[in-house]
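Working notes, beginning with the structure itself.
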Amino acid sequence: MELAYIPSPSSGVLYLGPVPLRGYAFCIIIGVFVAVWLGNKRWIARGGRAGTVADIAVWAVPFGLVGGRLYHVITDYQLYFSEGRDWVDAFKIWEGGLGIWGAIALGALGAWIGCRRRGIPLPAYADAIAPGIAIAQAIGRWGNWFNQELYGRATDLPWAVEITSSADGRMPGTYHPTFLYESLWCIGVALLVIWADRRFTLGHGRAFALYVAGYCAGRFWIEYMRVDEAHHILGLRLNNWTAVLVFLLAVLYIVLSARKRPGREAVVEPGAGDGEGPAADARKTDGDAAGKDASAEDATTEDATDTDDATDTDDAGKPGKSEKSDESEGPAEPEESKDGAGSAKKA
């Protein structure tokens, strides 16, 4: 008898009149908004413009949703194209089924298109949004709880999740809540990336690569616990092999990038310093300081000029008054002229 467990919702859909509100879709939407919000703050801190992250997300998010669904449908094709299945269900994304590997791959393509249109380096953008993507995954995983899917092996632990549905081969009981494990792991990865980015000043895509490597490390052991149907290669689930391969590629990128392009991008968005953000504030501050210095220098020069004029007057012994007196008296007459004038008067 279980003393404690995590209950599952009886239904993953709530109805607002005739409009269905699906828990899985809500988790995805909330995750996207959080990722854009955090990415925007980090982008501005890097010297970019406010709103740029959202503008590029308009490209990245749709591409990511399509990529995530394609990966799921291709790797689990039997759920949609085997006997007794309806291939139309492959388009019902609200029922669950998004592969993070496909979402990141095509989402990166969409982000590249958006960055190229804005003249922005994709690695810098990826570094800014990396922690937000991890948190979006943490929120999105709760959509699996609403759908009662992607749980692990049976357990009687106090934090086991209770599965009540028997659809699609499910067996009611209590299981490891792998959705919860992955959600908590993704939050840890986001905090790791934020800390490492501040501590080591990661740039040129290395913060994003750290997120990828950290997520893959956790996804490997969480995937190993799952009991849902999946393709196996050499005794391991397909997603285990994908996690190993992507992990190695991410680590290799970090090493090679650090050697080839150390440090961080000085400019992440052309012209951002002319508008708003830290770069603009710094430029404005420098300009104000330069203006103040110039004003102070002009005032000092003017004071020095006034002082020199006063000094020259004092040294000359009031020359202005002496020169005026000399001019009023006029030139002195010669002695001969004076004598001649006197003689004429007497005559």
Side-chain angles (χ1 to χ4, degrees), residues 31 63-79 96-109 111-112 122-123 126-127 129-138 140-141 143-144 149-153 155 175-197 200 202 204-260:
F63 273 74
L65 291 175
V66 172
R69 190 60 174 177
L70 280 176
Y71 181 89
H72 168 73
V73 172
I74 291 173
T75 56
D76 291 309
Y77 61 88
Q78 72 281 355
L79 299 177
L98 288 175
I100 186 61
W101 316 113
I104 293 297
L106 275 192
L109 175 60
W112 176 78
L122 177 61
D127 285 341
I129 65 173
I133 294 177
I135 295 178
Q137 288 180 253
R141 272 306 176 197
N144 302 134
E149 60 185 0
L150 305 187
Y151 46 84
R153 295 186 292 270
T155 182
Y175 300 87
H176 277 284
T178 51
F179 76 91
L180 176 61
Y181 298 159
E182 187 167 336
S183 179
L184 295 175
W185 183 271
C186 287
I187 292 175
V189 170
L191 295 176
L192 171 65
V193 173
I194 292 173
W195 170 82
D197 194 25
F200 302 105
L202 301 177
H204 301 287
R206 289 188 287 276
F208 184 82
L210 178 61
Y211 144 72
V212 172
Y215 173 75
C216 290
R219 179 62 183 268
F220 181 87
W221 66 268
I222 293 170
E223 185 75 22
Y224 190 75
M225 296 179 66
R226 283 168 49 173
V227 294
D228 54 298
E229 186 178 356
H231 296 287
H232 287 73
I233 301 176
L234 299 178
L236 290 178
R237 295 164 65 95
L238 175 61
N239 282 334
N240 282 115
W241 288 108
T242 305
V244 171
L245 176 61
V246 176
F247 173 84
L248 293 176
L249 291 175
V251 172
L252 180 63
Y253 178 87
I254 293 174
V255 174
L256 295 180
S257 176
R259 292 179 179 178
K260 186 177 181 180

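Just so we're clear, the structure is a prediction, and the values are computed from it rather than from any experiment.
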Hey, are the side chains of [X] and [Y] touching, using non-hydrogen atoms and a 4.5 Å cut-off?
{"X": "Tyr215", "Y": "Val193", "value": "no"}
{"X": "Arg141", "Y": "Leu150", "value": "yes"}
{"X": "Thr242", "Y": "Thr75", "value": "no"}
{"X": "Leu248", "Y": "Leu252", "value": "no"}

Give me the atom names and distance for the closest heavy-atom approach of [X] to [Y].
{"X": "Leu106", "Y": "Gly67", "value": "CD1-CA, 3.3 Å"}
{"X": "Leu65", "Y": "Leu98", "value": "O-CD2, 3.8 Å"}
{"X": "Gln137", "Y": "Cys186", "value": "CB-SG, 3.8 Å"}
{"X": "Ala108", "Y": "Leu122", "value": "O-CD2, 4.2 Å"}
{"X": "Trp101", "Y": "Arg219", "value": "CZ2-CG, 3.9 Å"}
{"X": "Arg206", "Y": "Asp127", "value": "N-OD1, 3.3 Å"}

Got a sec: does the [atom1] of [X] have more than 12 other heavy atoms crowding it under 6.0 Å?
{"X": "Tyr224", "atom1": "OH", "result": "no"}
{"X": "Glu229", "atom1": "CD", "result": "no"}
{"X": "Tyr77", "atom1": "OH", "result": "no"}

Any donor-acceptor N/O pair, [X] side chain to [Y] backbone, under 3.5 Å:
{"X": "Thr178", "Y": "Ile222", "answer": "no"}
{"X": "Trp241", "Y": "Ile233", "answer": "yes"}
{"X": "His204", "Y": "Pro123", "answer": "no"}
{"X": "Asn144", "Y": "Glu149", "answer": "no"}

Could you tell me the separation between the [atom1] atom of [X] and the [atom2] atom of [Y], rounded to the nearest 0.5 Å?
{"X": "Tyr253", "Y": "Lys260", "atom1": "OH", "atom2": "NZ", "result": "9.5 Å"}
{"X": "Ile74", "Y": "Leu238", "atom1": "CD1", "atom2": "CG", "result": "11.0 Å"}
{"X": "Thr155", "Y": "Met225", "atom1": "OG1", "atom2": "CE", "result": "8.0 Å"}
{"X": "Leu236", "Y": "His231", "atom1": "CG", "atom2": "NE2", "result": "15.0 Å"}
{"X": "Ile129", "Y": "Phe208", "atom1": "CD1", "atom2": "CZ", "result": "6.5 Å"}
{"X": "Tyr175", "Y": "Asp228", "atom1": "OH", "atom2": "CG", "result": "12.0 Å"}

Mutual orientation of the aromatic rings belonging to Phe200 and Trp195 [parallel < 30°, tilted 30-60°, perpendicular > 60°] = perpendicular

Judged by modelled atom types alone, do Tyr211 and Asp197 share a side-chain donor-acceptor pair under 3.5 Å?
-> no

